[in-house]
Amino acid sequence: GAVVSQHPSWVICKSGTSVKIECRSLDFQATTMFWYRQFPKQSLMLMATSNEGSKATYEQGVEKDKFLINHASLTLSTLTVTSAHPEDSSFYICSARDPAAGNSNQPQHFGDGTRLSIL
Amino acid sequence: GNSVTQMEGPVTLSEEAFLTINCTYTATGYPSLFWYVQYPGEGLQLLLKATKADDKGSNKGFEATYRKETTSFHLEKGSVQVSDSAVYFCALLTGTASKLTFGTGTRLQVTL
C-alpha cells in the first residue's frame, strides 16, 4: 500500500539552529502534503497544507517565517524549523494525499513522525 | 464549521474486555468518517472508515457505524488485547479539500 516516509525520526539540536524534516511519498505522487504538530497527549494540530509547485497554505497562528515549507517535487515536501527554540520541541507529523485514491477511501497517508527536541 | 468530539481518556481496560470509544461530530454537508490509531512513537494509521449514513466500518475486530441521526461514529471492539493499547482518533472529511478534522484522541491502555 501507499507509504509515506518521514526523516529523521528523532532529532536533538541546540537552540538557535535550523532543522529540516523531510516527507516523501514512496509509491505515489502527492500533489498535496500536510504538516501537523502534536503536543504530548494532545491531538494533531494542522500547521500547513503544502502544494507542489506553489506556496504552502498556513493555518491561523502558525508563523510562516518560522516554519518554512517547500514542496519542490511530487514526492517530497520539507519542513524547516528556523532558529529553533525549546518551545518548538514537539512531535511533527506529515501526511500525503494520493489523488488516485479518492478522498473517501484514504484521505491521507501518514508518516511516522519526527520527534524534535531543542536544548 | 466542522468539529469532532471524543470521550476523554485515558480508558483502562483488562484484556478481553469490551471497548467503546464515543465520537460525535458536527459538519456541513455529508462527511466521511474515520478512525485512526497511533501507536507509541509512531504516526497515524487508518483503522476504519465509513462514507455514508448507516455504513459500518470494520477492521482488526474494531467496528464503527455511521449514525447520521445522532451524528455519531462510536468505536467498538468486543475483546481488547494488550496490543490494542494506543491512542485512537476520530476524524471527518468533507468536500474535496482533503483536510481532516480530528478529535482530541482517546488513549486506551489494556492490561493483563
Inset, instruction - Against chain B, label A/Q38 side chain, backbone, both or neither, depending on which of its atoms sit under 4.5 Å from a heavy atom there. - result: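 Only the side chain of A/Q38 comes within 4.5 Å of chain B.
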Inset, instruction - Answer yes if the ring centres of B/F89 and B/F34 are under 6.0 angstrom apart, and no otherwise. - result: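 Between B/F89 and B/F34, the centre distance exceeds or equals 6.0 Å.
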Legend entry - Reported CE-to-NZ distance for the pair A/M47 and A/K64, which is rounded to 0.5 angstrom: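 These two atoms lie 13.0 Å from each other.
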Inset, instruction - Any chance you could measure A/T82, atom OG1, to A/L68, atom CG, to the nearest 0.5 Å? - result: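 Output value for this atom pair is 5.0 Å.
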Inset, instruction - Against chain A, label B/Q45 side chain, backbone, both or neither, depending on which of its atoms sit under 4.5 Å from a heavy atom there. - result: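 It is neither, since no heavy atom gets under 4.5 Å.
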Legend entry - Heavy-atom contact with chain A under 4.5 Å, split by part of B/Y39: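 B/Y39 has no heavy atom closer than 4.5 Å to chain A.
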Inset, instruction - Grab the two heavy atoms, one from A/E22 and one from A/L76, that are nearest each other, plus how far apart they are. - result: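 Result for this residue pair: CB-CD1, 4.1 Å.
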